[in-house]
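Atoms within each ligand, like the ligands themselves, are counted from 1 in listed order.
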Amino acid sequence: MLREHLEEIESNIQSACARAGRSRESVRLIAVSKTQPVSAIEEAYALGLRDFGENKVKEMLGKESQLPEDIRWHLIGHLQTNKVRQVLSKTVLIHSLDSLKLLDAVDFEAMKQRIVVEGLLEVNVAEEESKFGFLPEELWGLLNRLCQYKNLKIRGLMTVAPFTINQEDNRAVFRKLKEISIDTRWNTLDNISMDILSMGMTGDYSVAIEEGATIIRVGTGLFGARNLGEDGQ
Ligand SMILES: *Cc1c(COP(=O)(O)O)cnc(C)c1O
């Protein structure tokens, strides 16, 4: 099953890249393995996947300790400040930096651990009540603080687009995130880059790629349905 799913996703990625005039290498697939057992991750690993996304710290750490060291773990879910310490050295990229308090905590803890941590600012582009993330207009108020961070490097933006049946419905959301990422105001900060755009999930990753996604996060399209009740997504 996994092999067929991966082949289909890969073919969709290639088509979307071709339509957008982009190279296949410009898009990275992250396998969202939340709620999936270690055995499913092992199967995906055997097919060559190395980037996995988890939304809970405890679950990520539990799996990380049982799986090969060359897996790149991405934290994609809301992170509580009291869990920052445990997770920093275990993740290659925190996609879900969604509050000033969290940004401060990550930079501070990374300084204590003497490491540099990379992360993305989560943006609630569609301004949904139920979603985490900065509202687009809130981002510019962060610039003064972001430029002071020495151990947290912002690499770009992430969004969780609204749930939709028709992926075209999210095209405007993805286009807006791309527009925000190329705003010249970021250029005033030399410790920040905007080279990563993490957007697009099972239902809408093709459109996200057409609009500039450099990372897509695919869960159910790869692993099949998640256990109900384990999480809200
Ligand atoms: C669960 C989740 C995904 C993957 O969702 P699918 O629709 O299963 O592909 C992607 N991003 C985040 C932040 C998630 O929580």
Quick one: which ligand 1 atoms are inside 4.0 Å of a heavy atom on [X]?
X	result
T220	6 (P), 7 (O), 8 (O), 9 (O)
I76	11 (N), 12 (C), 13 (C), 14 (C)
V218	9 (O)

Between R72 and F52, is NZ or CZ placed under 6.0 angstrom from the six-membered ring centre and within 45° of the ring axis? no

Using side chain to side chain donor-acceptor pair (under 3.5 Å) as the criterion, list what pairs up with T220, not counting sequence neighbours. T202

Can you find an N/O atom of G219 closer than 3.5 Å to an N/O atom of ligand 1? yes

R145 with D104: basic N within carboxylate O range, under 4.0 Å: yes

Do NZ/NE/NH1/NH2 and the carboxylate oxygens of K56 and E59 come within less than 4.0 Å? no

Going by heavy-atom distance to atom 2 (C) of ligand 1, choose the closest among M201, R217, K34. K34

For ligand 1, is any non-hydrogen atom under 4.0 Å from V160's backbone (N, CA, C, O), its side chain (CB onward), both, or neither? side chain

For residues 25-33, please give each side-chain donor-acceptor pair under 3.5 Å, one per line with the distance, not counting sequence neighbours.
from	atom 1	to	atom 2	distance (Å)
S26	OG	R22	NE	3.4
S26	OG	R22	NH2	3.2
S26	OG	S23	O	2.6
R28	NH1	D51	OD1	2.9
S33	OG	E54	OE2	2.7

Is R226 in contact with ligand 1, taking contact as a heavy-atom separation below 4.0 Å? yes

May I ask whether N55 has any heavy atom positioned less than 4.0 angstrom from an atom of ligand 1? no

Is a donor from one side chain sitting under 3.5 angstrom from an acceptor on the other, for S96 and H78? no

